[in-house]
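Structure first, then comments.
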Protein chains: 2
Amino acid sequence: MTEKDQTSGTPACAAEDTHSHAALLEEIRHELPDDNTLYDLADLFKIFGDTTRVKILYALFESELCVCALAELLDVSQSAVSHQLRVLKDAELVTRRRDGKTIYYSLADEHVRAIIEMGFEHITEE
Amino acid sequence: MTEKDQTSGTPACAAEDTHSHAALLEEIRHELPDDNTLYDLADLFKIFGDTTRVKILYALFESELCVCALAELLDVSQSAVSHQLRVLKDAELVTRRRDGKTIYYSLADEHVRAIIEMGFEHITEE
DNA sequence: TTATCATATGAACAAATGATCATATGAAAG
DNA sequence: CTTTCATATGATCATTTGTTCATATGATAA
């Protein structure tokens, strides 16, 4: 209590003489992106963390596709695809264009491809 | 019913003459990784989709750290960190070494860094 | 206008997730 | 052996998430 107050109610470890992190932590805290950025980052990856959405993105690597084509390809309902496309669009990972009644979706940029490829390498290489 | 049976109970669209996907879909289906791979890929990204875990990984970019240091740095309970470290370890994204009572965690490989950097670029560039 | 096709969306519900609390394990010090 | 420190883990619970169902919107054709 005489020292700096604990950030939360969790002491975790003494860290007096044994192995003081204080200095190291201060340094690392300096290097960390701010909380909002970290939050956005997690939100971005969260989007890739669903099979349906990953499949959609992977499919769009090849060609732009309409909603019903995606539904048929992934074997899920039109509604499910539509909901997920909304998530992808809100995150600006895909764009769409209208042609009559049909709406074609495509990848928003090449970052998407790069991120997925990177993940793909990780799970295949080993 | 005379044609191929619908994969699910979802017609989605006619796709007779208007804009038949059949050919295109067959081609794309060919390019898609198999379902298990896609599933694993989503699972991998799911792990990056949590602020606590992203923070842990980011912190480990700088240096190996013990559990209590991470808890202090992220301002969460020791238990919460420990649970998340287990997830990261199960996914082989981090490794650990023991030194007496303390356990130090560090990044398993550079893929982790590459994936996160890629995501970081996406959210900052625009 | 009315019917139909392609897509979007809101409500509802089951499943997955992440934090907390209490407790267990494991190592070193006394 | 007992205590203490560092970490791990199981149970519980509130949130979040993704699908389904029903329905709405929006565009074209009749």
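Values below: every heavy atom of this structure, side chains too, minus hydrogens, waters and symmetry copies. Convention: sequence-line order gives letters A, B, ...; per-chain numbering from 1.
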Respond yes when some side-chain nitrogen or oxygen of [X] is under 4.0 Å from OP1 or OP2 of [N], and no when none is.
X      : N      : answer
B/Y105 : D/dA8  : yes
B/R86  : D/dT7  : no
B/R53  : C/dG18 : yes
B/T102 : D/dA6  : no
A/R96  : C/dA8  : yes
B/T52  : C/dA19 : yes

Whole-Å gap separating [atom2] ([N]) and [atom1] ([X]):
X      : N      : atom1 : atom2 : answer
B/D50  : D/dT17 : CG    : P     : 11 Å
A/K89  : C/dT9  : NZ    : C1'   : 14 Å
A/E64  : C/dT7  : CD    : C1'   : 16 Å
B/I47  : C/dA16 : CD1   : C1'   : 14 Å
B/K101 : C/dT25 : NZ    : P     : 19 Å
B/L70  : D/dT7  : CG    : C1'   : 12 Å
B/L85  : C/dA19 : CG    : C1'   : 14 Å
B/I103 : C/dA28 : CD1   : C1'   : 14 Å

Close side-chain approach of A/L93 to A/F48, heavy-atom, < 4.5 Å: yes
Tell me, do A/Q78 and A/V67 make a side-chain contact under 4.5 Å, heavy atoms counted? yes
Please say whether more than 12 non-hydrogen atoms of neighbouring residues, nucleotides or ligands are located less than 6.0 Å from CZ in B/F61. yes
Using a 6.0 Å cut-off, check whether atom CZ of B/R113 has over 12 heavy atoms from anything other than its own residue. yes
Determine, answering yes or no, if A/H83 is stacked on D/dT19 under the 5.5 Å centre rule and the 30° plane rule. no
B/S82, nearest nucleotide to its side chain (from C/dG26, D/dT9, D/dT20): D/dT9
Could you work out which one of C/dG26, C/dT7, D/dT19 sits closest to the side chain of A/Q84? D/dT19
Can you tell me if A/R98 uses its side chain to pair, donor with acceptor, with the backbone of A/G100 under 3.5 Å? yes
Any donor-acceptor N/O pair under 3.5 Å between D/dT9 base and B/S79 side chain: yes
Can you find a donor-acceptor pair, distance only, under 3.5 Å between B/Q78 side chain and D/dA8 base? yes
Starting from the 5' end of DNA chain D, give me the residue, A/G49 or B/A80, whose nearest nucleotide shows up first. B/A80
If each of A/K46 and A/D99 is mapped to the nucleotide of DNA chain D with the nearest heavy atom, which maps nearer the 5' terminus, i.e. the 5' end? A/K46
Scan side-chain atoms only and decide if B/D40 and B/T37 contain a donor-acceptor pair under the 3.5 Å cut-off. no
